Structures are given as structure tokens and as C-alpha cells.
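Notes follow once the structure below has been shown.
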Amino acid sequence: MDGFLFLHEFLLDYFQIAMERGQAGDYATKVKALEEILRIDPEYSLGPYFFDLAEFYYNQADYSQAIFYYQRGLPLELKVKDRATFLFHLAESYEKQEDWANAFLYFNQFLTVYPLDSRAAEASWHRGNCCWPLANGAFEKDELEQALYYTDEIISGGQPQHYLDDAYYLRGEILLKQQSYEESRAAFSQVLKLNRVVYKERIADQGIGRAACRERV
């Protein structure tokens with residue numbers, strides 16, 4: 001028991017150092033003190049201070065370490081003022097690492113939990129941005145329903161606009177594989193409406209032609 005009390009007091013000393021250095025604006029030392037607590041006792045709960053660590057690494061562009069601490073903080077049942085910010089930054093950190101599936105998951109969660117947040121439109125854009133590589137990856141694996149889901153997320157949200165014509169084209173290819181020829185032609189036709197670039201028009205025309213030919217067979 002004495003050993004437990006000694007350890008507890010020892011950890012509290014590090015907490016005091018962390019708080020004092022944080023108030024003085026010395027965030028690097030604050031982070032070192034908090035991480036020393038976790039080094040001594042990896043299971044120790046820092047409570048809301050997990051977010052201090054996460055935000056420090058997020059601002060240092062060390063997204064892997066930021067994710068680690070966000071994930072330790074977010075499940076805690078704490079009333080944290082900036083919880084929406086932390087969730088948004090967690091999603092961004094995954095996106096920066098090109099972990100599109102987790103980024104999509106957390107941007108989607110952000111929009112579900114905080115639909116009226118001032119960053120909702122930005123989160124919607126990022127969610128759509130994650131959908132494009134996810135759609136392509138699913139299409140390459142011949143997971144057509146999943147690929148269709150992600151292309152339709154881009155199309156229904158209209159974001160990002162620079163992927164919209166590509167999303168319609170990929171939708172056309174997916175529906176062509178699914179033998180939904182009329183819907184496929186309609187998707188390829190949308191490419192012509194959205195994009196005036198000659199080579200893309202030719203590709204879309206070819207897609208319409210392929211869909212028409214398959215339907216007649």
C-alpha cells in the first residue's frame with residue numbers, strides 16, 4: 001500500500017510539472033511530463049489531458065502520434081469543451097496519412113454528431129474526398145456495391161466538385177459491369193454535361209456506346 005501511495009504521489013509531481021510548464025507556455029516540457037507519467041504507468045488515465053497531447057502532435061504534423069492520443073481521449077465520458085474539434089482533427093489526421101476508411105468514418109461521425117457545427121461543410125468536403133480513393137479501391141477489387149456506395153456519396157453531396165465528373169464516369173463503369181445498361185448510359189451522359197474537356201467527352205461517348213451495345217446483345 002505504501003508503494004502505491006508513493007507511486008501516486010510521484011505521478012502527481014509530474015502532473016504538477018506539466019500544469020506549471022503549460023501555464024508558462026512551455027508546451028514541449030508539459031508534453032514530456034505527461035508522457036513520462038504514461039511511461040511509468042501505461043494504463044494511467046490522463047483524462048482530458050490526452051487531448052493536450054493529441055493536439056500538440058497534431059500541430060507538429062505527427063499525425064500517427066496524434067491519432068494515438070485522440071483515440072485514448074475520445075472514448076472517455078468527459079465533458080470537454082472542444083470535443084468537436086478533437087473529432088475533426090482525428091479525422092483529418094487519418095486523411096493526412098491516407099487512411100481513407102478511418103478518415104471517412106470519423107468525418108461521417110463528426111457530421112452525425114455535430115451537424116450544425118461551423119465546419120460541417122468542410123467535413124462534408126473531406127468525406128467526399130475520402131470517397132474517391134475508396135470507390136476506386138473497391139472497384140479494383142470488384143466490390144461493386146461498395147464502389148457504387150462511395151461514388152454515390154460524392155454525387156449526392158456534390159463534393160468535391162473536381163471529382164464529380166469522375167464519380168459519374170466510375171458509376172457508369174460499375175453499372176455497366178452490373179448490366180444496368182440504361183442507368184450506365186445516364187451516368188456517362190452526366191460526364192458530358194459536367195465536363196467540357198475533349199478527351200473526357202470522348203471517353204464518356206465511348207462509355208455510352210459500350211452500354212448501348214451491351215444492351216442490344
Side-chain angles (χ1 to χ4, degrees), residues 63 67 70-71 74 83-217:
Y63 299 113
I67 288 168
Y70 284 130
Q71 289 287 19
L74 282 173
R83 199 177 188 87
T85 297
F86 303 145
L87 183 58
F88 190 91
H89 286 173
L90 172 61
E92 270 194 317
S93 296
Y94 276 118
E95 188 179 24
K96 293 287 187 182
Q97 291 197 313
E98 298 186 358
D99 184 341
W100 309 114
N102 274 313
F104 175 86
L105 174 70
Y106 285 106
F107 279 124
N108 202 51
Q109 185 176 329
F110 177 88
L111 289 164
T112 301
V113 179
Y114 305 107
L116 302 179
D117 190 276
S118 61
R119 291 159 294 192
E122 187 180 355
S124 182
W125 187 96
H126 283 287
R127 182 177 63 178
N129 187 58
C130 296
C131 284
W132 179 241
L134 289 170
N136 278 286
F139 184 69
E140 288 171 4
K141 295 175 184 176
D142 215 32
E143 297 171 354
L144 300 184
E145 287 299 328
Q146 195 68 19
L148 195 62
Y149 169 79
Y150 289 122
T151 57
D152 286 352
E153 281 288 305
I154 297 171
I155 290 167
S156 63
Q159 295 289 346
Q161 289 188 340
H162 63 275
Y163 281 144
L164 202 51
D165 56 343
D166 292 311
Y168 271 113
Y169 184 82
L170 184 56
R171 176 177 169 79
E173 290 289 345
I174 296 164
L175 292 166
L176 194 59
K177 276 195 168 188
Q178 292 181 326
Q179 300 181 5
S180 299
Y181 302 120
E182 186 175 344
E183 289 182 80
S184 177
R185 287 202 312 276
F188 287 129
S189 296
Q190 285 297 320
V191 181
L192 299 178
K193 292 178 182 178
L194 289 167
N195 200 294
R196 297 292 90 193
V197 180
V198 173
Y199 82 91
K200 283 193 175 180
E201 287 184 0
R202 289 174 180 168
I203 291 172
D205 277 334
Q206 290 169 8
I208 291 171
R210 283 187 292 127
C213 288
R214 295 279 183 86
E215 190 172 24
R216 287 195 294 268
V217 172

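Predicted model only: the values in this text are computed from it and were never measured. Note: hydrogens, waters and symmetry copies are ignored here, and every other heavy atom, side chains too, is used.
- Distance alone, capped at 3.5 Å, is enough to place a donor-acceptor pair between the Ser93 side chain and the His89 backbone.
- Aromatic ring centroids of Tyr169 and Phe188 lie under 6.0 Å apart.
- Glu95 places none of its side-chain heavy atoms less than 4.5 Å from the side chain of Phe104.
- The main-chain N or O of Asn108 is found under 3.5 Å from a side-chain atom of Thr112 such that the two form a donor-acceptor pair.
- Using a 4.5 Å cut-off on side-chain heavy atoms (C-beta onward), Asp166 and Leu170 make no contact.
- Taking the six-membered ring where the residue is Trp, the centroids of Tyr106 and Phe88 are separated by 6.0 Å or more.
- Applying the 6.0 Å contact sphere to CD of Gln161 captures no more than 12 heavy atoms from other residues, nucleotides or ligands.
- Proximity of Gln97 to Ile67: side-chain heavy atoms (C-beta onward) are separated by under 4.5 Å at one or more points.
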Compile the donor-acceptor pairs under 3.5 Å between side chains in residues 153-160 and protein atoms, sequence neighbours left out, one pair per line.
| from | atom 1 | to | atom 2 | distance (Å) |
| --- | --- | --- | --- | --- |
| Ser156 | OG | Asp152 | O | 2.9 |
| Ser156 | OG | Glu153 | O | 3.3 |

> Can you list the steps and then say if Tyr114 with Arg119 is a side-chain contact (heavy atoms from CB on, under 4.5 Å)?
Replying inline: CA-CA 9 Å; Tyr114 305 107; Arg119 291 159 294 192; over 6 Å; no

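- Side-chain contact between Phe139 and Leu148 is absent, with no heavy atoms from C-beta onward closer than 4.5 Å.
- Residue pairs satisfying the side-chain hydrogen bond (donor to acceptor under 3.5 Å, both in side chains) criterion with at least one member in residues 136-149, sequence neighbours excluded, are listed as follows: Asp142-Lys177, Glu145-Gln178, Gln146-Tyr150.
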